[in-house]
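In what follows, residues are counted from 1 in the order of the sequence shown. From a predicted model like this one, the values you see are computed outputs, not experimental measurements. Values below: all heavy atoms of this structure, side chains included; hydrogens, waters and symmetry mates excluded.
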Amino acid sequence: QRPPPPTTAPRPLAPAAVPEVPSANMAPGPAPHLSPGTPPPVPGDSRESADPGRFTVRRVPPDLGDWHAEAPIAVIGAGGCGLTAALAAAQAGASVLVLEKHRRPHPNTARSSGMIPAGGTRFRRDAGVDDDPERLAADILRQNGGASDPALTRRLAACAPELVEWLVDRAGVHLELVPDLRYPGHTRPRMHAPPSRSGRQLVDELRAAVLAEARCELLLARPVTTLLADAHDRVLGLELADGQRLRIDRLILACNGFAAAPALVARHCPEISGALYFGAEGSTGEALAWGAALGAELADLAAYQGHATVAVPHAILITYAVILHGGVLVNRHGRRFGDESIGYSEYALSVLRQPESRAFAIYDQSIHERALAFDDYRSADQLGAIRRADTLEALAAACHLPAAELIHTLSQYRHPDPFGRAHPTPLVPPYRAVQVTGALFHTQGGLRVDPDARVLRPGRTPLPNLY
């Protein structure tokens, strides 16, 4: 949800040339600019380099001078969320500066399959599918047992159709309805995704839209370390790692979570802390540290998203469509260990509890052909991660699994399923398999917000200008 543009015109920016650091927008325009200079060293894109203790808030007087630049709205983070927020604010008339700490950002949205659930879009109506935001919200609340904030859940579901259509019509993002894929918990097929089924395409097209917007400036390799706030918790400005200070009117935090900070994961999400981390290197928890220092309420810190099917040793995401379309997961003993259809995040721990934290996704040729719609899956196939066999005996040999046990396991995959899976569909030759492990993708807790994305204090009053 974008904040409205400021009602008063910002002060003119301090004179500055276009930065020499990797800068987003080289075209002239009314976007704010920081002074040129050599960017400071940034963490080497490794999880171990995260240091949440360096993200601080410093109290300053309201009349603090000596700002290097000004921006009505600053966005920290250039992933899918930050780029969307910046573009929406700019299209509403505000000048926006986006600060990204990495030189070559590869955010979580880019690592995903780019799926956006929305009920009630024109794409859904054109496909003749009966759906609406209320049904989407009900599905979410039922799937998570009412754990998410009901008002926020309903607001997000209500905004989803507008978001999808805005991405297509105003941001130039290519999205289409995925009619044959119903994610766990959804009562309708309502996913919208790029034709490539890749979040990389989504982020690339969003970034191109931001670069083409004269009111936006995107700066790379410019990590923010300190928020400068007054005694009333209003954020007056930002201090960068190179010492430059930016005066702002409003701040949007689009920093993802803290999954790249092992100490924070061990503290808040201990059950997944030893898993392979497959998310963005920049998710180091700065928003959590800044918000806490400003007195924000923290919520849902134990929540995270995992994934049950990351190919090993290739480290490529295998779409869970191979399971949702009828595949199963077996361990090294050739045995299934639960109902795989509960969801790729929910099932990640089950995979991690197997011997060597490994499993094999087993499916057939028809499922393989449907999965080829996903860029990542095609890459895995090209690298030889996907194994093929005409018989279960040959498949077991290719995967070093006990053939008798695998054959028995798949003979039991029928109705009624021993693990309670609905609509089990027997697999037919030729067969496919890929070795996978469970992984942590991102954490989901953080600063509590209201349905307008304002960050809240424990008493549910909003902080003055933090989103």
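For the pair Asn108 (side chain) and Gly279 (backbone), a donor-acceptor distance under 3.5 Å is absent. Put simply, the side chain of Arg135 never gets that close to the backbone of Thr187: no donor and acceptor are under 3.5 Å apart. Under a 3.5 Å cut-off, the side chain of Arg207 and the backbone N or O of Leu83 do not form any donor-acceptor pair. Judged by distance alone, the side chain of Ser273 and the main-chain N or O of Val265 form no donor-acceptor pair under 3.5 Å. Under a 3.5 Å cut-off, the side chain of Arg125 and the backbone N or O of Gly120 do form a donor-acceptor pair. Counting only distance, with no hydrogens or angles, the side chain of Glu100 and the backbone of Pro105 share no donor-acceptor pair below 3.5 Å. No donor-acceptor pair closer than 3.5 Å links the side chain of Arg59 to the backbone N or O of Ala229. Looking at Arg188, its side chain does come within 3.5 Å of a backbone N or O of Asp130 through a donor-acceptor pair.
With no hydrogens or angles considered, a side-chain donor-acceptor pair links His192 and Thr121 at under 3.5 Å. A donor-acceptor contact closer than 3.5 angstrom links the side chains of His174 and Glu205. Under 3.5 Å, the side chains of Gln305 and Tyr344 contain a donor-acceptor pair of N or O atoms.
Using a 4.0 Å cut-off between charged nitrogen and carboxylate oxygen, Glu281 and Arg103 do not count as a salt-bridge pair. A salt bridge does not link Asp139 to Arg182: none of the charged nitrogens lies less than 4.0 Å from a carboxylate oxygen. Using a cut-off of 4.0 Å between Lys/Arg side-chain N and Asp/Glu carboxylate O, Asp131 and Arg124 are scored as salt-bridged. Contact check on Arg460 versus Glu297 returns a salt bridge, with a Lys/Arg side-chain nitrogen under 4.0 Å from an Asp/Glu carboxylate oxygen. Using a 4.0 Å cut-off between a side-chain N of Lys or Arg and a carboxylate O of Asp or Glu, Arg247 and Asp249 qualify as a salt bridge. Under the 4.0 Å criterion applied to side-chain N and carboxylate O atoms, Asp376 and Arg200 are assigned as salt-bridge partners. The existence of a salt bridge linking Asp452 and Arg155 is confirmed by a sub-4.0 Å separation between a basic side-chain nitrogen and an acidic carboxylate oxygen.
Taking both residues in full, the closest heavy atoms of Pro161 and Gly119 are given as CG-O, 3.1 Å, listed atom of the first, atom of the second, then distance. The two atoms that bring Gly282 and His102 nearest to each other are CA-CE1, 3.3 Å, heavy atoms only. Asp300 and Ala147 get closest at one heavy-atom pair: OD1-O, 4.5 Å. Of all heavy-atom pairs between Ala94 and Ile73, the closest is CB-CD1, 3.9 Å. Nearest heavy atom pair, residue Phe278 against residue Ala315, reads CZ-O, 3.3 Å. Of all heavy-atom pairs between His325 and Asp180, the closest is CE1-O, 3.0 Å.
Between Leu87 and Glu213, the closest side-chain pair of non-hydrogen atoms falls below 4.5 Å. With a 4.5 Å cut-off on side-chain heavy atoms, Asp381 and His368 count as touching. Counting heavy atoms from C-beta on, the side chains of Ile116 and Leu167 come closer than 4.5 Å. Using a 4.5 Å heavy-atom cutoff, the side chains of Pro223 and Leu240 are not in contact. In this structure the side chain of Leu163 reaches within 4.5 angstrom of the side chain of Thr84, judged on heavy atoms. Residues Leu218 and Leu220 form a side-chain contact, since some pair of their non-hydrogen atoms from C-beta on lies under 4.5 Å apart. Residues His268 and Thr443 fail the side-chain proximity criterion, which asks for heavy atoms closer than 4.5 Å. Between Arg197 and Leu181, the closest side-chain pair of non-hydrogen atoms is not below 4.5 Å.
Atoms OG and CD1, from Ser345 and Ile272 in turn, are 8.0 Å apart once rounded to the nearest 0.5 Å. Taken to the nearest 0.5 Å, the CD1 atom of Ile323 stands 8.5 Å off from the OH atom of Tyr363. Taken to the nearest 0.5 Å, the CZ atom of Arg190 stands 14.0 Å off from the CE atom of Met115. Distance check, rounded to the nearest 0.5 Å: OG of Ser350 to CD1 of Ile342 gives 5.5 Å. Rounding to the nearest 0.5 angstrom, the gap separating the CZ atom in Arg457 from the CG atom in Leu447 is 13.0 Å. To the nearest 0.5 Å, atoms CZ (Arg154) and OG (Ser148) are separated by 9.0 Å.
Ring orientation note: the planes of Trp290 and Phe55 are nearly perpendicular, at an angle over 60° on the 30°/60° scale.
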Is there a side-chain contact (heavy atoms from CB on, under 4.5 Å) between Ile252 and Val96 once you walk through the steps?
CA-CA 10 Å; Ile252 299 172; Val96 186; over 6 Å; no

Taking it one step at a time, do His186 and Leu136 satisfy side-chain contact (heavy atoms from CB on, under 4.5 Å)?
CA-CA 7 Å; His186 291 272; Leu136 171 57; 3.8 Å; yes

Verdict with supporting geometry, Leu329 and Thr309, side-chain contact (heavy atoms from CB on, under 4.5 Å):
CA-CA 9 Å; Leu329 286 161; Thr309 53; 4.1 Å; yes

Verify side-chain contact (heavy atoms from CB on, under 4.5 Å) between Gln143 and Glu346, making sure each step is shown before the conclusion.
CA-CA 11 Å; Gln143 177 75 356; Glu346 293 87 341; 3.2 Å; yes

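Considering only residues two or more places apart in sequence or on other chains, Arg234 meets the salt bridge (Lys or Arg N to Asp or Glu O under 4.0 Å) condition with none of them. Not counting sequence neighbours, the partners of Arg58 by the salt bridge (Lys or Arg N to Asp or Glu O under 4.0 Å) test are Glu239.
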